[in-house]
2 protein chains.
Amino acid sequence: MEDGKLTVRAVERALDIMLCFTDSSNLSLTEIAVRVSLHKSTVHRLLASLEGKGFVVRDFATDKYRLGFRIWELSANMTHSDDPAIILLPEMERLRDQLDETISLYVCDGLERVRIQAVESNQAIRRVAAIGARLPLYVGASSKILVAFAEPQVQEALMKAKNMPVGLERSVFLKQLADVLSQGYATSVEERELGAAAVAVPIFNQAHTLVASLAVSGPSNRLTLEKMKEHAPVLLEAARRMGKMVR
Amino acid sequence: MEDGKLTVRAVERALDIMLCFTDSSNLSLTEIAVRVSLHKSTVHRLLASLEGKGFVVRDFATDKYRLGFRIWELSANMTHSDDPAIILLPEMERLRDQLDETISLYVCDGLERVRIQAVESNQAIRRVAAIGARLPLYVGASSKILVAFAEPQVQEALMKAKNMPVGLERSVFLKQLADVLSQGYATSVEERELGAAAVAVPIFNQAHTLVASLAVSGPSNRLTLEKMKEHAPVLLEAARRMGKMVR
DNA sequence: TTTTCAGTTTCATTTGATGAAACCCTGTTA
DNA sequence: TAACAGGGTTTCATCAAATGAAACTGAAAA
């Protein structure tokens, strides 16, 4: 054994099988075997165990497997820590691995935004993001998201506030917000910090209220406008999935 | 091996551990070990595997385990068969085992109710309940539930219908419905069938609309009024949990 | 201080998980 | 029609890996 981790291999393999279903909801035995790099017979046995306990079920018609009612049952009984910073971390890590850029999560707090969670890219040149950092709500992609999709009273409070930067015209700001609303995501290039760019999207909960802003950020020479356009749909899809996890 | 089932013991044990959390959301290592009848060290290793994959997490303060975000994540991505008859079956089986009486699930269909799911008690004398049976909406505990908590238009349609039994005064029926609404559950003793009694409660989905009626039924000499009063809170709690599972 | 109790780690034992290969289907090609 | 292909299923010899007793740790209670 002696791998340092005191775990049970068979169990980890079974759990890996379950995790396959985050990508596609219906998988055949051999498809799963390929994904987890195990032999058919091994996967078959593990699936039999999962099926016996109701963690996966098989579609009689297609013989494909999908997640079982037990997952649903367990999740219904979960008193899930409703802290998005905890809930969304694994999704953010996945996104970071996919895009290989720093991923941040912001919420509004008064007339500022707070970075409540962040996972950094592994690249040598990367956006470094401190969790807990407080930033202004006037500049940056996430600011636009948090303001554009906010309740009207939040927007008004912000407009009334005195600390609006001198260079920023109210009308320009409003135009930016309108653009964000229409395209569904926001970008920023060297707005707040030299050499930095970002794309941000809103995360809505099941009740369709704004929960947070999810952003990918990196050096502006790597995170070009084209790259940002590419990333936007990925971010939006991730945000959609994350929205299901928070309330 | 030769037990007929081609399964992996370690995996089944790990899944049993997860199922412990349907009863209580926070459990210590030894509590779990007792529940699954395994040695501490075995449970510890299995939990380490589950924890490593995020299926359980431990509360730093209390050192107790609870279900992890992965469950939530998986369930969010599930395209769950929204058929209550399938979803709620395991909960119904659990309830049957707890109360040792027949459990039925009814939905309204027009001016009738349909038993869309049932699990029978194991006792020799028991309520036999055929799945798919259609019953009138005038008598029986589940009828009262399905009518009392229904949308107003359903109630009106029922009142207008001509096939109301002769012996049943409209005013009496209305009084019954009011009682059901006030106490939250309905009972019936030998209303529809001689020697049979039942308690029924409503199942509401997350949107607080009536989905089905959940009933426990048995011989009236065993399912006495006192027993029914005892069962009611159990049923209500079960229905509350079931409501989270359907939409 | 000692005791107790929960969690953790070690380790010898051997069970029981493993994967190659064979087998069984059902649908498809020759 | 037979041969083939491609999925799922079962068998089985092998030995890696899961097991549980016991020892260990550390913190809290007596």
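Proteins get letters first, then strands, A, B, ... in listed order; numbering begins at 1 in each.
- Pairs passing the salt bridge (Lys or Arg N to Asp or Glu O under 4.0 Å) check and including a residue from residues 35-44 of chain B, sequence neighbours excluded, read B/D23-B/R35.
- Of the possible polar contacts, none joining the B/T7 side chain to the A/S49 backbone as a donor-acceptor pair under 3.5 Å is found.
- A donor-acceptor pair under 3.5 Å is absent between the side-chain atoms of A/D109 and the main chain of A/E112, judged by distance alone.
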Identify each donor-acceptor pair in which a side-chain atom of residues 228-241 of chain A lies under 3.5 Å from a protein atom, sequence neighbours left out, and give them as a table.
residue : atom : partner : partner atom : Å
A/E237  : OE1  : A/R240  : NE           : 3.1
A/E237  : OE2  : A/R240  : NH2          : 3.0
A/R241  : NH2  : A/E91   : OE1          : 3.1

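- Checked by atom type and distance alone, the side chain of B/T209 never pairs as donor or acceptor with a backbone atom of B/N205 at under 3.5 Å.
- Note that A/R113 lies in the cation-pi zone of A/Y106, set by a 6.0 Å cut-off to the ring centre and a 45° limit from the axis.
- The nearest whole Å value for the distance from the CD atom in B/E51 to the P atom in C/dG7 is 13 Å.
- As a whole-Å value, the separation of B/L47 CG from C/dT9 P is 13 Å.
- Taking atom CG of A/L38 as the reference point, atom P of D/dA16 lies 17 Å away to the nearest angstrom.
- At the phosphate of D/dT19, OP1 or OP2 sits under 4.0 Å from a side-chain N or O atom of B/R45.
- For A/R9, counting side-chain heavy atoms from C-beta on, the closest listed nucleotide (C/dT18, C/dG16, D/dG20) is C/dT18.
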Which atom pairs link the protein and nucleotides 5-10 of chain D when you take only N or O atoms and keep those under 3.5 Å?
residue : atom : partner : partner atom : Å
D/dG8   : OP1  : A/L29   : N            : 3.1
D/dG8   : OP2  : A/T30   : N            : 3.0
D/dG8   : OP2  : A/T30   : OG1          : 2.8
D/dG8   : N7   : A/K40   : NZ           : 2.9
D/dG8   : O6   : A/K40   : NZ           : 3.1
D/dT9   : OP1  : A/R58   : NH1          : 3.1
D/dT9   : OP2  : A/H44   : NE2          : 2.8
D/dT9   : O5'  : A/H44   : NE2          : 3.3

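- Listed by chain and number, the residues in a ring-ring contact (aromatic ring centres under 6.0 Å, His included) with B/F21 amount to none (sequence neighbours excluded).
- B/R13 has its CZ atom 18 Å from the P atom of D/dA17, to the nearest Å.
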Considering only nitrogen or oxygen atoms on both sides, find all protein atoms under 3.5 Å from nucleotides 26-30 of chain D and state each distance.
none

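- Listed by chain and residue number, A/D100, A/E101, A/S121, A/R222 satisfy the side chain to side chain contact (heavy atoms under 4.5 Å, CB included) test with A/Q123 (two or more places apart in sequence, or in another chain).
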